[in-house]
Amino acid sequence: MTVAHAPIITSLLDNDLYKFTMLQAMLHQFPQTHGVYRFRCRNNKDAAYPLADIKEALEKQLDSLCKLRFLQDELDYLRNLRFMRSDFVDYLELFQLKRRFVTVSTDGKGRLFIDIEGPMIQAMFFEVFVLAIVNELYFNALTDPSVMEEGQKRLDEKVALLHSYAQQQKTDAPPFIVADFGTRRRFSKQWQAHVVETLHKAEPDIFSGTSNVLLAKTLEMTPIGTMAHEFMQAFQALDVRLRDSQKAALEAWVHEYRGDLGIALTDVVGMDAFLRDFDLYFAKLFDGLRHDSGDPYIWGDKAIAHYQKLKIDSKTKVLTFSDGLNLNKAWELHQYFKDRIKTSFGIGTNLTNDMGLTQMNIVLKLVECNGQPVAKLSDSPGKTMINNDTYLAYLRQVFEVDEPK
């Protein structure tokens, strides 16, 4: 179904910032860690055609990806980010993804399987590239002028929304801040660049950042990102008690970044279990928290109550929302929380793949580390991904997380 395609990924900088920040921490502290990642499409039945049809094109794209090296101007850019250490950029100068760590297969039902297995300082860097390639190959076969016209119409509506929010914004209120988090599920590389540039030019004070490091460099925007679930999950298999894995992950992050990149991810074993570990020490050290599953209003209220219990002024902290947002939802959340805490918003698919077509809900998750199963107990049950139900039950028991209803 998919025609021959020029290389989609042409720069190793075309990746989300948190891949670099997590990679640096893993390289410095746990360089021998081994990981297994599995691809999953959560809405296979909604696909316009079987994902298995892109297998051959995907294999060629991966071959091309694994020939790339960082260019000197890209290394110079990374070296100028204050939280990137010089020795890490030296490592990236030698860095090249290894094709042997990725296996692509299909089954008789038209499903696509992608497995990544190898050292995490290699394996973890594949995820965003692979997802972006799968998405672009899939949508390439569905593209026609009417799709592009609809995408532009929807983008124009987003520009109008941003203008209206800018007019409603009060100068004495915490700012409404939105960033692009849409690399992994973008319609195409070119479309993401067009969307981000258009929105940034329309309202640069609101739309100020992007998780995509290449776009941040090209458009002179702020690169956004800290950690993802895989970093926290890995500690379930490192040399700490399982019960202490969250605290060990947060401690390792503090050790690496010394107060920089201070947004902690809360939903690896659920918000309630996270807050039990997020004591006064961490609450003072980290600038804020990131929401990625569950009801955002309940989550935010719990976060503010936790800060208040610790006698920390919540207005000095920030809540970053990044789960299934659009501009309307983000604005409503900002209005709800703005008088009690600072907010920021990372919007993905609704920005970079809002074309009137059914979006593919694809993920590539860490499922094993150092030969042991790892998992996240998401506050949204459909987001839990695990290869071992026995381990999942044990994880629930250790962190006192009830089975979802």
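Computed from a prediction, not measured in an experiment: that's the story for all the values here.
Under a 3.5 Å cut-off, the side chain of Asn135 and the backbone N or O of Arg186 do form a donor-acceptor pair. In terms of modelled atom types and a separation under 3.5 Å, the side chain of Arg396 and the main chain of Leu377 share no donor-acceptor contact. Checked by atom type and distance alone, the side chain of His194 never pairs as donor or acceptor with a backbone atom of Val196 at under 3.5 Å. In terms of modelled atom types and a separation under 3.5 Å, the side chain of Asp14 and the main chain of Ile9 share no donor-acceptor contact. With hydrogens and angles ignored, the 3.5 Å screen pairs no side-chain donor or acceptor of Glu74 with any backbone N or O of Leu12. The backbone N or O of Val268 lies less than 3.5 Å from no partner atom in the side chain of His229, so there is not a single donor-acceptor pair. Judged by distance alone, the side chain of Arg85 and the main-chain N or O of Gln24 form no donor-acceptor pair under 3.5 Å. Between the Thr106 side chain and the Leu112 main chain, no donor and acceptor come within less than 3.5 Å of each other. In terms of modelled atom types and a separation under 3.5 Å, the side chain of Glu136 and the main chain of Lys189 share a donor-acceptor contact. Between the side chain of Thr21 and the backbone N or O of Thr226, at least one donor-acceptor pair lies under 3.5 Å.
A donor-acceptor contact closer than 3.5 angstrom links the side chains of Gln72 and Asp76. A donor atom on one side chain and an acceptor atom on the other are not found under 3.5 Å apart for His255 and Gln29. A donor-acceptor contact under 3.5 angstrom links the side chains of Asp277 and Gln246, judged on distance only.
Taken from CG in Leu395 to CD in Gln236, the straight-line distance is 5.0 Å, to the nearest 0.5 Å. Note that CG of Leu78 is 9.0 Å distant from CZ of Phe83, once rounded to the nearest 0.5 Å. The CG atom of Leu319 sits 6.0 Å away from the CD1 atom of Ile304 when rounded to the nearest 0.5 Å. Rounding to the nearest 0.5 Å gives a distance of 7.0 Å between CD of Gln359 and CZ of Phe139. Rounded to the nearest 0.5 angstrom, Asp267 CG and Leu289 CG are separated by 11.0 Å.
With salt bridges taken as basic N to acidic carboxylate O contacts below 4.0 Å, none links Asp279 and Lys247. Electrostatic pairing of Arg38 and Asp115 counts as a salt bridge here, judged by a charged N lying under 4.0 Å from a carboxylate O. A salt bridge links Arg99 and Glu59; the closest N-O separation between the charged side-chain nitrogens and carboxylate oxygens is under 4.0 Å.
A side-chain hydrogen bond (donor to acceptor under 3.5 Å, both in side chains) with Gln192 is found for one member of Thr210, Thr352, Thr183 and no other, namely Thr183. Among Asn388, Val374, Val36, the one residue that satisfies the side-chain contact (heavy atoms from CB on, under 4.5 Å) test with Glu368 is Val36. Partner of Glu230 under the salt bridge (Lys or Arg N to Asp or Glu O under 4.0 Å) criterion, out of Lys376, Lys19, Lys365: Lys19 alone.
Listed by chain and residue number, nothing satisfies the salt bridge (charged side-chain N to carboxylate O under 4.0 Å, His left out) test with Arg69 (two or more places apart in sequence, or in another chain). Residues satisfying the ring pair (Phe, Tyr, Trp, His ring centres under 6.0 Å) criterion with Phe345, sequence neighbours excluded, are Phe176, Phe321. Take Glu220 and apply the salt bridge (charged side-chain N to carboxylate O under 4.0 Å, His left out) test, not counting sequence neighbours, and it matches no residue. Judged as a salt bridge (charged side-chain N to carboxylate O under 4.0 Å, His left out), and not counting sequence neighbours, Glu93 has no contacts. Applying the salt bridge (charged side-chain N to carboxylate O under 4.0 Å, His left out) test to Arg184 and every residue at least two apart in sequence or in another chain returns Asp16, Glu127. In terms of the ring pair (Phe, Tyr, Trp, His ring centres under 6.0 Å) criterion, residue partners of Tyr297 (sequence neighbours excluded) are, by chain and number, Tyr336. By the ring pair (Phe, Tyr, Trp, His ring centres under 6.0 Å) test, Phe274 pairs with Phe278, sequence neighbours left out. For Leu285, the side-chain contact (heavy atoms from CB on, under 4.5 Å) partners two or more places apart in sequence, or in a different chain, are Val254, Tyr281. Remark: Phe125 engages Phe20, Phe95, Phe129 in a ring pair (Phe, Tyr, Trp, His ring centres under 6.0 Å) (not counting sequence neighbours).
Contact check for Asn43 versus Cys41: side-chain heavy atoms found under the 4.5 Å cut-off. Under the 4.5 Å side-chain criterion, counting only non-hydrogen atoms from C-beta, Leu23 is in contact with Phe88. No side-chain heavy atom of Lys317 sits under 4.5 Å from any side-chain heavy atom of Phe286. In this structure, Phe126 and Ile114 have side chains that are not in contact, with every pair of non-hydrogen atoms separated by 4.5 Å or more. Between His200 and Phe207 the shortest side-chain heavy-atom distance falls below 4.5 Å. The side-chain heavy atoms of Leu97 and Leu65, taken from C-beta on, include a pair separated by under 4.5 Å. Between Phe282 and Leu310 the shortest side-chain heavy-atom distance does not fall below 4.5 Å. Looking at Phe101 and Pro119, their side chains come closer than 4.5 Å, going by heavy atoms from C-beta outward.
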Exercise. In sequence, state the C-alpha distance, the side-chain angles, and the governing distance for Phe187 and Thr143, and then conclude on side chain to side chain contact (heavy atoms under 4.5 Å, CB included).
Key: CA-CA 10 Å; Phe187 180 75; Thr143 302; 3.2 Å; yes
Practice problem: Apply side chain to side chain contact (heavy atoms under 4.5 Å, CB included) to the pair Val363 and Arg185, showing each step before the final yes or no. | Solution: CA-CA 9 Å; Val363 293; Arg185 294 180 190 153; 3.3 Å; yes
Quiz item: Is there a side chain to side chain donor-acceptor pair (under 3.5 Å) between Asp46 and Thr358 once you walk through the steps?
Solution: CA-CA 7 Å; Asp46 298 328; Thr358 299; over 6 Å; no
Exercise. Start with the C-alpha distance between Ile116 and Leu364, add both sets of side-chain angles, then the distance that settles side chain to side chain contact (heavy atoms under 4.5 Å, CB included), and finish with yes or no.
Key: CA-CA 9 Å; Ile116 301 172; Leu364 189 58; 3.4 Å; yes
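Ring geometry for Tyr257 versus Trp253: interplanar angle of 30 to 60°, hence tilted.
Applying the salt bridge (charged side-chain N to carboxylate O under 4.0 Å, His left out) rule to pairs touching residues 173-183 yields nothing, sequence neighbours excluded. Residue pairs meeting the salt bridge (charged side-chain N to carboxylate O under 4.0 Å, His left out) criterion with at least one member in residues 326-340, sequence neighbours excluded: Asp301-Arg340.
Contact record, Ala25 with Phe231: CB-CE1, 3.9 Å, taken as the closest heavy-atom pair.
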Acceptor/donor pairs from residues 157-166 side chains to any protein atom, 3.5 angstrom cut, sequence neighbours excluded:
unit_1: Glu157; atom_1: OE2; unit_2: Lys153; atom_2: NZ; d: 3.4
unit_1: Lys158; atom_1: NZ; unit_2: Asn350; atom_2: O; d: 3.4
unit_1: Lys158; atom_1: NZ; unit_2: Asp354; atom_2: OD2; d: 2.6
unit_1: His163; atom_1: ND1; unit_2: Glu203; atom_2: OE2; d: 2.7
unit_1: Ser164; atom_1: OG; unit_2: Leu161; atom_2: O; d: 2.7
unit_1: Tyr165; atom_1: OH; unit_2: Asn328; atom_2: OD1; d: 2.8

